[in-house]
Amino acid sequence: MTLRVLIAGAGVGGLALAQALRQAGVAVTVFERTTSIRADQRGYRININRMGGDALAACLPPELFRLYLATSNDEARAQIGVFDHRMNPLYATAVGVDGTSAPRDHTGVNRLTLRQIMLDGLEQEVRFGQRVVGFEQTPDRVRVRLADGSTAEGDLLVGADGVGSAVRAGLLPHLQTRDTGVRCLWGRTPLRPALRDQLPAPLFDRVAVAVAPSGHIGILGTYRPRQPHLEAAAAVTPAVSLDPESDYLMWVLSDQSFGSDEPWHTASSAELHRYAVAATAEWHPAVHQAVREADPEDCFVQKVRVADQPPTWPAGRVTLLGDAIHPMSPAGGTGANTALRDAAVLADKLTAVRHPAPLVPAVAAYETEMRQYGFAAVAESLRYGERFAETIRQAEKENH
């Protein structure tokens with residue numbers, strides 16, 4: 001009997017799992033709420049550390065991994081540089097769990113580009129415009145309920161449907177995500193030559209964090225692929241269709257003083273952009289100029305939510321990965337990497353069994369491992385955020 005796995009969500013974790021299972025001959029179907037791969041372009045640049053890169057290598061066919069490398073960012077290092085708002089250096093901190101500071105072969109990727117690469121070969125398995133809203137388990141099957149009223153059956157359901165996971169709500173109804181009170185305002189700016197030449201050099205070889213006495217934290221990272229997307233695809237895997245993408249600076253303003261949620265839920269992208277421009281008025285002139293030059297339509301706000309580790313739950317025919325089980329602060333840049341690690345670990349456990357009979361013990365082994373490293377990453381991300389906040393408090397004292 002062939003194992004059939006249903007996946008809720010076609011983000012990077014869900015697609016990585018689907019690719020790994022497909023290569024192992026496991027039947028897989030992915031249900032994605034958005035109508036196309038381009039419908040959700042939020043997130044922009046994703047930092048990939050060595051853990052995430054190893055997971056991608058384990059999950060992707062070799063040619064897709066080569067294309068990922070070719071379209072990854074150039075010159076990035078495994079450190080976050082921390083600066084004041086005028087881009088004067090304060091200190092550096094290691095990124096993620098590997099703690100290395102050597103130049104690495106791959107770090108930053110464009111989120112849409114990575115998802116387009118990971119979709120290759122899965123066109124028949126990914127069902128866009130179908131949102132998972134619930135499920136029922138039986139001793140030997142799981143039935144998924146979709147928003148349009150239809151159902152699907154399989155041996156295992158994997159919730160990779162993000163922080164608002166409907167799968168988590170059904171599996172662990174008492175596990176609530178916790179609002180940290182932090183809001184992140186995202187934007188991106190094309191790197192036209194005149195602006196690129198004015199930006200501080202550290203922005204081009206690492207992710208930079210800028211802390212301001214006003215209480216804002218800025219996260220800044222450039223995306224400059226090693227090869228233009230169309231050129232890379234033609235050279236590595238001509239069958240893969242990639243959208244072109246110009247070099248850009250991703251910027252994120254993080255703030256605990258945005259006030260009540262209501263203004264930020266109702267604000268237009270243009271209003272968010274105006275806020276970002278005003279908030280960075282005293283920052284490094286080129287950084288402020290970059291915020292000014294951003295397309296207002298690219299601006300959006302996200303809440304930062306985290307989850308505390310729940311008590312161990314009994315393994316069954318439903319499990320979770322990524323933000324669906326361990327959402328975390330973006331401060332450490334480890335969220336996507338941990339989701340990719342989830343996908344690689346779960347795929348390894350499932351492909352070792354390949355058929356339904358020993359499925360539940362394989363799920364239990366995955367969940368035991370995932371809980372340990374996943375919630376350690378949540379705690380680590382919170383420590384990064386607190387260290388940045390302490391730097392702001394010190395700057396406030398010095399200014400007074």
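Reckoned from all heavy atoms, side chains included, excluding hydrogens, waters and symmetry mates.
Considering every non-hydrogen atom in both P200 and V287, the closest pair reads CD-CG2, 4.4 Å. Shortest non-hydrogen contact noted between P285 and R86 is CD-NH2, 4.1 Å. Heavy-atom minimum distance, M328 versus A377: CE-CB, 3.8 Å. Minimum interatomic distance between A208 and F83 (heavy atoms only, all atoms of both residues): CB-CE1, 3.8 Å.
Put simply, the side chain of M87 reaches to within 4.5 Å of the side chain of L220, judged on heavy atoms. Contact of the T2 side chain with the V26 side chain is not registered, since no non-hydrogen atoms from C-beta on lie closer than 4.5 Å. Residues R274 and P296 fail the side-chain proximity criterion, which asks for heavy atoms closer than 4.5 Å. Put simply, the side chain of Y44 does not reach to within 4.5 Å of the side chain of L112, judged on heavy atoms. For the pair T177 and V306, the minimum side-chain heavy-atom distance is 4.5 Å or more. A heavy-atom distance below 4.5 Å is found between the side chains of P225 and D247. Residues D342 and Y366 are in side-chain contact: their nearest non-hydrogen atoms beyond the backbone lie under 4.5 Å apart. Side-chain contact between F300 and L185 is absent, with no heavy-atom pair separated by less than 4.5 Å.
Comment: K349 does not engage E367 in a salt bridge, judged by the lack of any side-chain N to carboxylate O separation of less than 4.0 angstrom. Salt bridge absent: R4 and D155 never bring a charged side-chain N and a carboxylate O closer than 4.0 Å. In this structure, E293 pairs ionically with R192, as a charged nitrogen and a carboxylate oxygen lie closer than 4.0 Å. D308 and R178 are joined by a salt bridge, as a carboxylate oxygen and a charged side-chain nitrogen come within less than 4.0 angstrom of each other.
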Inset, instruction - Check the pair T351, L21 against side-chain contact (heavy atoms from CB on, under 4.5 Å), reporting the backbone distance first and the verdict last. - result: CA-CA 7 Å; T351 55; L21 294 178; 4.1 Å; yes
Inset, instruction - Could you check F128 against T34 for side-chain contact (heavy atoms from CB on, under 4.5 Å), going step by step and ending with a plain yes or no? - result: CA-CA 6 Å; F128 287 99; T34 60; 4.3 Å; yes
Inset, instruction - Go through the steps for L191 and F204 under the test side-chain contact (heavy atoms from CB on, under 4.5 Å), then give the verdict. - result: CA-CA 11 Å; L191 281 175; F204 296 98; 4.1 Å; yes
Inset, instruction - Apply side-chain contact (heavy atoms from CB on, under 4.5 Å) to the pair L122 and V30, showing each step before the final yes or no. - result: CA-CA 9 Å; L122 294 172; V30 183; 5.7 Å; no
Inset, instruction - Assess whether side-chain hydrogen bond (donor to acceptor under 3.5 Å, both in side chains) is satisfied between N110 and H229, documenting all intermediate values. - result: CA-CA 10 Å; N110 187 56; H229 290 181; 5.5 Å; no
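No chain of hydrophobic side-chain contacts below 4.5 Å, direct or via other Ile, Leu, Val, Met, Phe, Trp or Tyr residues, connects V133 to L6. Residues V142 and W313 share a single hydrophobic cluster, defined by chaining ILVMFWY side chains whose heavy atoms lie under 4.5 Å apart. Linking Ile, Leu, Val, Met, Phe, Trp and Tyr whenever their side-chain heavy atoms come within less than 4.5 Å puts L175 and F135 in one cluster. Clustering ILVMFWY residues whenever any of their side-chain heavy atoms sit less than 4.5 angstrom apart, transitively, puts L146 in the very cluster that holds V5. Linking Ile, Leu, Val, Met, Phe, Trp and Tyr residues whenever their side-chain heavy atoms come within less than 4.5 Å leaves V144 and V360 in two separate clusters.
A donor and an acceptor atom, one from each side chain of N88 and H284, are nowhere located under 3.5 Å apart. Side-chain contact, H288 with T280: a donor N or O sits under 3.5 Å from an acceptor N or O. Inspection of the S254 and R183 side chains reveals no N or O donor paired with an N or O acceptor under 3.5 Å.
The backbone N or O of V240 sits nowhere less than 3.5 Å from a side-chain atom of T237 that would complete a donor-acceptor pair. Of the possible polar contacts, none joining the R341 side chain to the A336 backbone as a donor-acceptor pair under 3.5 Å is found. Judged by distance alone, the side chain of T222 and the main-chain N or O of L203 form a donor-acceptor pair under 3.5 Å. Proximity of a side-chain donor or acceptor of E123 to a complementary backbone N or O of G121 within less than 3.5 Å is detected. Judged purely by atom type and a 3.5 angstrom limit, T180 uses its side chain to pair as donor or acceptor with the backbone of V304. In terms of modelled atom types and a separation under 3.5 Å, the side chain of N337 and the main chain of N47 share a donor-acceptor contact. At distances below 3.5 Å, at least one donor-acceptor pair connects side-chain atoms of Q19 with backbone N or O atoms of D120. N49 contributes no side-chain N or O that, together with a main-chain N or O of T334, makes up a donor-acceptor pair within less than 3.5 Å. Judged by distance alone, the side chain of S36 and the main-chain N or O of R38 form a donor-acceptor pair under 3.5 Å. In this structure, the side chain of S165 does not engage the main chain of A324 through any donor-acceptor pair within 3.5 Å.
Taking a 6.0 Å sphere around CZ of R33, one finds it holds 12 or fewer heavy atoms contributed by other residues, nucleotides or ligands. Counting heavy-atom neighbours within 6.0 Å of R292 CZ, excluding the residue itself, gives a total of 12 or less. By the neighbour-count criterion of 12 heavy atoms within 6.0 Å, atom CD of E282 is sparsely surrounded, having that number or fewer from other residues, nucleotides or ligands. Within a 6.0 Å sphere centred on CD of Q372, other residues, nucleotides and ligands contribute 12 heavy atoms or fewer. Within a 6.0 Å sphere centred on CZ of R131, other residues, nucleotides and ligands contribute 12 heavy atoms or fewer. The 12-atom threshold is exceeded at CZ of R305, counting heavy atoms of other residues, nucleotides or ligands nearer than 6.0 Å.
Of the options I219, V301, L253, V252, a side-chain contact (heavy atoms from CB on, under 4.5 Å) to C184 is made by V252 and by none of the others. If you run salt bridge (charged side-chain N to carboxylate O under 4.0 Å, His left out) between E245 and each of R224, R111, R188, only R188 comes through.
Annotation: cation-pi pair R45/Y248 absent, no NZ/CZ under 6.0 Å from the ring centroid and within 45° of its normal.
One distance of note links CG of L56 with CG of L64; it measures 10.5 Å at 0.5 Å rounding. Here S268 contributes atom OG and H273 contributes atom NE2; the two are 11.5 Å apart, rounded to the nearest 0.5 Å. Taking CG of L249 as the reference point, atom CD of Q289 lies at 12.0 Å (rounded to 0.5 Å).
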